[in-house]
Amino acid sequence: MSTTSTCVPASADADCKATQRTEAPLVLLGDEAVARGACDAGITAAYAYPGTPSTEILEYVMAQTGGRGRPIARWCANEKTAYEEAMGVAFAGKRALVAMKHVGLNVAADPFMNSALVSVHGGLVLAVADDPGMHSSQNEQDSRWYADFARIICLEPANQQEAYEMTREAFDLSERFRIPVMIRLVTRLAHSRAVVRVSEPRGENAAKMAPDISSWILLPSNAKRQWRDLLNKQPALSDYTLESAHNRLDLIEAERSFGVITTGIARNYLLENLDDLAIRPSHLHIGAYPLPLDKVRVLADHVKTLLVLEEGYPIVERLLRGIRHGQLLILGKETGEVPAAGELTPDIVRQALGLTSHRGVDLPTLDLPSRPPQLCSGCPHGDSYDALKKALLGFESPVVTSDIGCYTLGALPPYSAIQTCVCMGASVSMATGAAEAGCYPVLAVIGDSTFVHSGVTPLMDAVSANTDMTLIILDNETVAMTGGQPSLLPTSRLAGLILGLGIDPDHFQVISAHRRDTEKNAEIIRREIAHRGLSVIIAVRECIETAKKRKRG
Amino acid sequence: MKYDIVLAGVGGQGVLSVSALIAKSAMKEGLFVKQSEVHGMAQRGGAVSAHLRISDRPVASDLIPYGTASMILSMEPLEALRYLSYLGVNGTVVTSTDPVDNIPDYPRMEQILVAIRSLPHSATIDAERLARESGSVQAINMVLAGAASGLLPIKVETMQESIRELFGRKGEKVVQTNLRAFETGRQAAAC
Ligand code: SF4
């Protein structure tokens, strides 16, 4: 009997009988396959901040942990703290996974970039899920740039099985090259299920302090040495990706006109259409970076036209531009064969390959209205927005900055109550700026977990300047949008934190976000707007989805 | 053999559970499956869809190409029309006729039903009533799974077995309700 159970969490809908791992294969989301790969690679701990489409990674590790307490799986205040906690595990010689969505890596960019310079001896793997097409994000930045920026290895799985295997391998690579390694997912893989065959799990590393402590002390003198060290590793990294089976070149000797480069899941869309192509193109698939340049050159020398299919930014395409100038035509997102924005689909790839899409059933002549998501009926945020709008009646041009969470839907009718949503915590800092630019009244609306993530620090700025603004923290006692992860700071401790920052207690209010209190709440908000300095109001009521779940047990 | 299904509905209607049920059953029969879902908006009431691909050969793409799906299985009539571009010319739309009217510009119901019934192959199911008669309005999705089952390349017994496993944890009463809902859906589609 193996020490870990093969059960997948309830949400994953697979047999939860106590089967042994060698038996029935598992059905896993791409996210879960990464998590399982990390567990089987012997991680000691996994850290994350929830964010679509990456959330299920840590959720799976948590479900694996069960009552045993191993591996440790923890939701963190934000991606930066998550990354640093993982670094600490690696510093102790053990293996750690850290997971986040693409924009979360902006928050963790500081530790991420610098972790490339330290000498990692306990495997450190970053799983980052990009969201091309912006299904649930504010941009579609491509994390492969970050991997290149940090000069580390990035593995990009094309399916769930690869997600499992690459994650396991990533830990070995991390220890072999003494660098962090990135696993890059995209939404369509993160949130698609398929069968995954797992292999024997490996145990945890024994604790072992970093053999060369000075490599972790990035004083300029050490950092210069470490940076040179990282640069010196680059040829070895390139040798690895050149040899790696993840970068596979299929050269069709007789076919010298057309070739295709795919990365990650773009390969699936090529395969989907391959049978319909009159000629089978030479094909290089890239699943491991840095780019396997020699293989790219062989393909580029072999053909006259090269189509590059990659999910996200045209990274490979841009690196290739100029190669065999005048003799090789490179097609992709920069030349318009593939749309520059949005995610790939089998049909986009089909058209880029010169095929026409299958014609389906004709649409009846009926205009279909869109159906955007809405706040759940009875959501506490709806009641807070009603009170806010009442309070603002009569003001000519109030400024209401906001943030990222369920409450961002307050931007849409029937509320149309907020004016900004840019990045985590920006509601607080932007309100400060707007107030200092002379706007009045200025309000910031932020959720409790977004506040803990990135709102506390800018509030310190506002306290020190006694900015003329009113901050409303919508405390629904959970991280609702990503499915109800626990808030790090329960309501009972939130007030203490805020008062501890030095807010005037006379302008700190806790209200209850209930329909029946709308009038009273509007009055309190109006009063705090009238106060020409900083006010903080916490509007408390639990998310009704979380409350329901809690009652169901 | 290849059988692609676009599942549709409104958040909270159990679209992903139907997808999971069919996927699980297909795998029990040794078929290859890819099941793509859209997660992440915890809020209720938005359009939700999932792509489910079943084949006797490995499946490459997680997404279904346009004009090739064998079925659109929808928990809601307006949503049934949203993904028609995916449906193959011989494909079938199986949908509930009960609207979720949570938007200001919801079209008139007759218009929607006329559009659905003008398609070459469609089955409209009075799912809410059948679910209620089976013991739970929540079971609309199982009624529709039943209605679809006759067309799927999967044995009915396998689907029933999966229902037992999926709901087993919630007790025998819930299992029976869902099996009944599945069965009424099956019969409704057969007549
Ligand atoms: S999930 Fe919770 S916070 Fe989000 S809209 Fe629904 S009730 Fe509101």
Side-chain angles (χ1 to χ4, degrees), chain A residues 10 13-16 27 29 52-53 55-56 135-136 159-160 187-195 265 267-274 345-347 349-350 357-377 379 406 409 413 480-484 543 545, chain B residues 10-12 16-17 19-21 23-24 27 32-47 51 59-69 78-79 81-82 84-89 91 93 100 102-107 111-112 114-116 118-121 165-166 169:
Chain A
D13 162 53
D15 278 349
C16 245
V27 180
L29 291 173
T52 310
T55 310
E56 291 80 3
H135 296 276
S136 190
N159 56 43
Q160 294 77 356
T187 305
R188 290 299 173 185
L189 176 56
H191 283 172
S192 175
R193 287 177 209 285
V195 167
I265 69 167
R267 185 181 69 197
N268 303 343
Y269 302 140
L270 174 68
L271 293 178
E272 186 73 30
N273 289 300
L274 212 51
T345 64
D347 287 286
V349 169
R350 194 174 172 79
S357 279
H358 297 283
R359 208 184 133 87
V361 171
D362 278 327
L363 289 162
T365 50
L366 187 66
D367 276 339
L368 298 184
S370 67
R371 197 191 301 259
Q374 308 171 351
L375 293 177
C376 305
S377 92
C379 172
C406 286
L409 293 174
M481 192 166 66
T482 47
C543 156
E545 281 301 314
Chain B
V10 176
L16 298 188
S17 315
S19 180
L21 165 67
K24 184 187 183 79
M27 273 182 282
F32 292 93
V33 170
K34 273 210 172 177
Q35 188 194 352
S36 176
E37 310 168 353
V38 178
H39 293 215
M41 284 286 179
Q43 312 90 349
R44 299 291 171 255
H51 287 197
V59 181
S61 165
D62 300 271
L63 296 177
I64 300 170
Y66 286 140
T68 62
L78 173 60
E79 296 308 313
L81 295 173
R82 207 180 288 286
L84 282 183
S85 49
Y86 289 99
L87 193 63
V89 276
V93 171
V100 177
N102 63 350
I103 41 175
D105 40 0
Y106 198 94
Q111 278 182 305
I112 294 179
V114 166
I116 292 171
S118 72
L119 298 169
H121 309 282
E165 289 171 11
L166 280 174
R169 256 175 312 155

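Every value quoted in this text rests on a predicted model; they were computed, and no experiment measured them. Each chain gets a letter, A, B and so on, in the order its sequence line appears, and its residues count up from 1.
- Each of A/Cys379, A/Ser370, A/Ser377, A/Pro53 has some count of heavy-atom pairs under 4.5 Å with chain B, and the biggest count is that of A/Ser370.
- Under the 4.5 Å side-chain criterion, counting only non-hydrogen atoms from C-beta, A/His191 is not in contact with B/Asp62.
- Between the OG atom in B/Ser61 and the CG atom in A/Asn159 there is a gap of 12.0 Å [rounded to 0.5 Å].
- Residue with the most contacts toward chain A among B/Pro120, B/Ala60, B/Gly67, B/Gly91: B/Ala60 (heavy-atom pairs, distance under 4.5 Å).
- The one candidate from B/Leu84, B/Asp105, B/Ile112, B/Leu81 that meets the side-chain contact (heavy atoms from CB on, under 4.5 Å) condition with A/Leu368 is B/Leu81.
- At a 4.5 Å heavy-atom cutoff, the contact between B/Val89 and chain A is made by backbone and side-chain atoms alike.
- The candidate from A/Gln160, A/Glu272, A/Arg359, A/Arg350 with the greatest count of non-hydrogen atom pairs under 4.5 Å with chain B is A/Glu272.
- To the nearest 0.5 Å, the span separating CZ on A/Arg188 from NE2 on B/His51 amounts to 6.5 Å.
- In this structure, B/Ile103 and A/Gln374 have side chains that are in contact, with non-hydrogen atoms separated by less than 4.5 Å.
- You'll find the side chain of B/Tyr66 stays beyond 4.5 Å of the side chain of A/Thr345, heavy atoms only.
- In this structure, the portion of B/Val10 lying under 4.5 Å from any heavy atom of chain A is its side chain and not its backbone.
- Counting only heavy atoms from C-beta outward, the side chains of B/Leu78 and A/Pro369 approach each other to under 4.5 Å.
- With rounding to the nearest 0.5 angstrom, the CZ atom of B/Arg82 is 6.0 Å from the CZ atom of A/Arg371.
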